Visitor: 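I'd like to ask some things about the structure below.
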Number of protein chains: 2
Amino acid sequence: MARASTTSDVFNAIAEPRRREILELLAQRGALAAGALALLLGMPQPSVSKHLGVLRKVGVVAVVKQGRERVYSLEAEKLRTVHDWVKTFESLWGHQLERIKARAEEKARVRVAAEASSKPGKGES
Amino acid sequence: MARASTTSDVFNAIAEPRRREILELLAQRGALAAGALALLLGMPQPSVSKHLGVLRKVGVVAVVKQGRERVYSLEAEKLRTVHDWVKTFESLWGHQLERIKARAEEKARVRVAAEASSKPGKGES
DNA sequence: TTGACATTTTCCGATAAAGGAAAATAATGA
DNA sequence: TCATTATTTTCCTTTATCGGAAAATGTCAA
């Protein structure tokens, strides 16, 4: 089996740096036509179009036909999946002091797990 | 050119659902040996091992040889890249009321952008 | 209708991921 | 040393991406 399709998932869709750039642009500059995006990104239009196709298929951008151009806009809610997922780990890195604490706890946990999975009752009181 | 390597990026690494599951397990149950992970995930060890290889190459997990097992632990800080990135879009979906507001604003922006890119001065007063 | 513009689609070549199976390492215990 | 256990690595096949170039749609304006 091959790698999962880029369109199968928001996670897969945003794995591409260029696609992330597109999303960033749409976020900060509002809706943009495909051509404008190509211009801002400095890459060939067909390429941008394909990336937009992926993003659209996943639903993270929406299109509106306006004459001969197609205006793309961000559907930010779709990124929520990703956000919610990483947010789970937020506490594990923490800031400043918390970080040191978490570090220590984790180190201890590693030791515990390591010992627990060896035969118990070995020599390490 | 092919798709970017899964090991080229944290984004690419976490695109795989199983790899995300591994990270989740490590987060909630602390450090675990490869075999334990395979058991918990209900999939063949070689498969898990390969996934762990990817995660390790990217630096989001760390290994510690403990006898014949290898205990894996989470290096959560590496997920910060992803977190910081999606966090940028946080304001765009907001909660409750904000969401409606944002929606309206966005809709307006799309219209504006669409109009701006057509020839100005058309008939739509 | 003809022509220019905006964008998508198709075709191509190169690259590599993912799963399964089997082989290769490594470390423990008798 | 010889099995046994824990994990990783190597093959192999299938499938899909990405990028570039060219062809195909679609739309507006004379």
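Chain identifiers are assigned alphabetically (A, B, ...) following the order of the sequence lines, protein sequences preceding nucleic acid strands; residue numbering begins at 1 within each chain. Predicted model only: the values in this text are computed from it and were never measured.
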Visitor: So A:Thr6 and A:Phe11, do their side chains get closer than 4.5 Å, heavy atoms only?
Guide: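 In short, these two side chains do not touch, never coming nearer than 4.5 Å.
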
Visitor: Ignoring hydrogens, what is the shortest heavy-atom contact between B:Asn12 and A:Ala15? Give both atom names and the distance.
Guide: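 Scanning both residues, the minimum pair turns out to be ND2-O, 3.3 Å.
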
Visitor: Distance check needed: D:dT8 P versus B:Arg56 CZ, whole Å only.
Guide: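 Atom CZ in B:Arg56 sits about 7 Å away from atom P in D:dT8.
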
Visitor: In whole angstroms, how far is the C1' atom of D:dT7 from the CG atom of B:Leu52?
Guide: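 That distance rounds to 10 Å.
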
Visitor: What's touching nucleotides 2-5 of chain C from the protein side, N or O pairs under 3.5 Å?
Guide:
| residue | atom | partner | partner atom | Å |
| --- | --- | --- | --- | --- |
| C:dC5 | O2 | A:Arg68 | NH1 | 3.4 |

Visitor: For a 4.5 angstrom cut-off between non-hydrogen side-chain atoms, does B:Leu79 reach A:Glu90?
Guide: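 No, their side chains stay 4.5 Å or more apart.
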
Visitor: Working to the nearest 0.5 Å, report the span between CZ of A:Arg19 and CD1 of A:Ile14.
Guide: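 A:Arg19 atom CZ to A:Ile14 atom CD1 measures 10.0 Å (nearest 0.5 Å).
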
Visitor: With B:Phe89, which of A:Glu24, A:Glu77, A:Lys78 fulfils side chain to side chain contact (heavy atoms under 4.5 Å, CB included)?
Guide: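 By the side chain to side chain contact (heavy atoms under 4.5 Å, CB included) criterion, B:Phe89 pairs with just one of A:Glu24, A:Glu77, A:Lys78: A:Glu24.
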
Visitor: Quick one, A:Gln66 with A:Val71, criterion side chain to side chain contact (heavy atoms under 4.5 Å, CB included). Give me CA distance, side-chain angles, the key distance, then yes/no.
Guide: CA-CA 7 Å; A:Gln66 196 70 22; A:Val71 179; 4.2 Å; yes

Visitor: Among residues 40-50 of chain A, which ones have heavy-atom contacts with DNA chain C below 4.0 Å?
Guide: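 Result for residues 40-50 of chain A: A:Gln45, A:Pro46, A:Ser49, A:Lys50, sorted by number.
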
Visitor: Tell me whether the side-chain N/O atoms of B:Tyr72 come closer than 4.0 Å to OP1 or OP2 in D:dT8.
Guide: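 For D:dT8, OP1 or OP2 has a side-chain N or O of B:Tyr72 closer than 4.0 Å.
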
Visitor: Given D:dT8, C:dT7, C:dG19, identify the nucleotide with an atom nearest to the side chain of B:His51.
Guide: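 Out of D:dT8, C:dT7, C:dG19, the nucleotide with an atom closest to B:His51's side chain is C:dG19.
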
Visitor: At a heavy-atom distance below 4.0 Å, what parts of residues 2-18 of chain A sit against DNA chain C?
Guide: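 Output list: A:Ala2, A:Arg3.
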
Visitor: Rounded to the nearest 0.5 Å, what separation is found between the CD1 atom of A:Ile22 and the CG atom of A:Leu74?
Guide: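 Between atom CD1 of A:Ile22 and atom CG of A:Leu74 there are 11.5 Å.
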
Visitor: Could you go through the side chain to side chain contact (heavy atoms under 4.5 Å, CB included) check for A:Leu32 and A:Glu69 one step at a time?
Guide: CA-CA 10 Å; A:Leu32 288 171; A:Glu69 356 187 273; over 6 Å; no

Visitor: If we check side chain to side chain contact (heavy atoms under 4.5 Å, CB included) with B:Ser47, which of these qualifies: B:His51, B:Lys50, B:Gln45?
Guide: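 Filter result, single survivor: B:His51.
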
Visitor: Minimum heavy-atom separation for A:Val48 to A:Ala34, with atom names?
Guide: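 Looking at all heavy atoms of both residues, the closest pair is CG1-O, 4.2 Å.
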
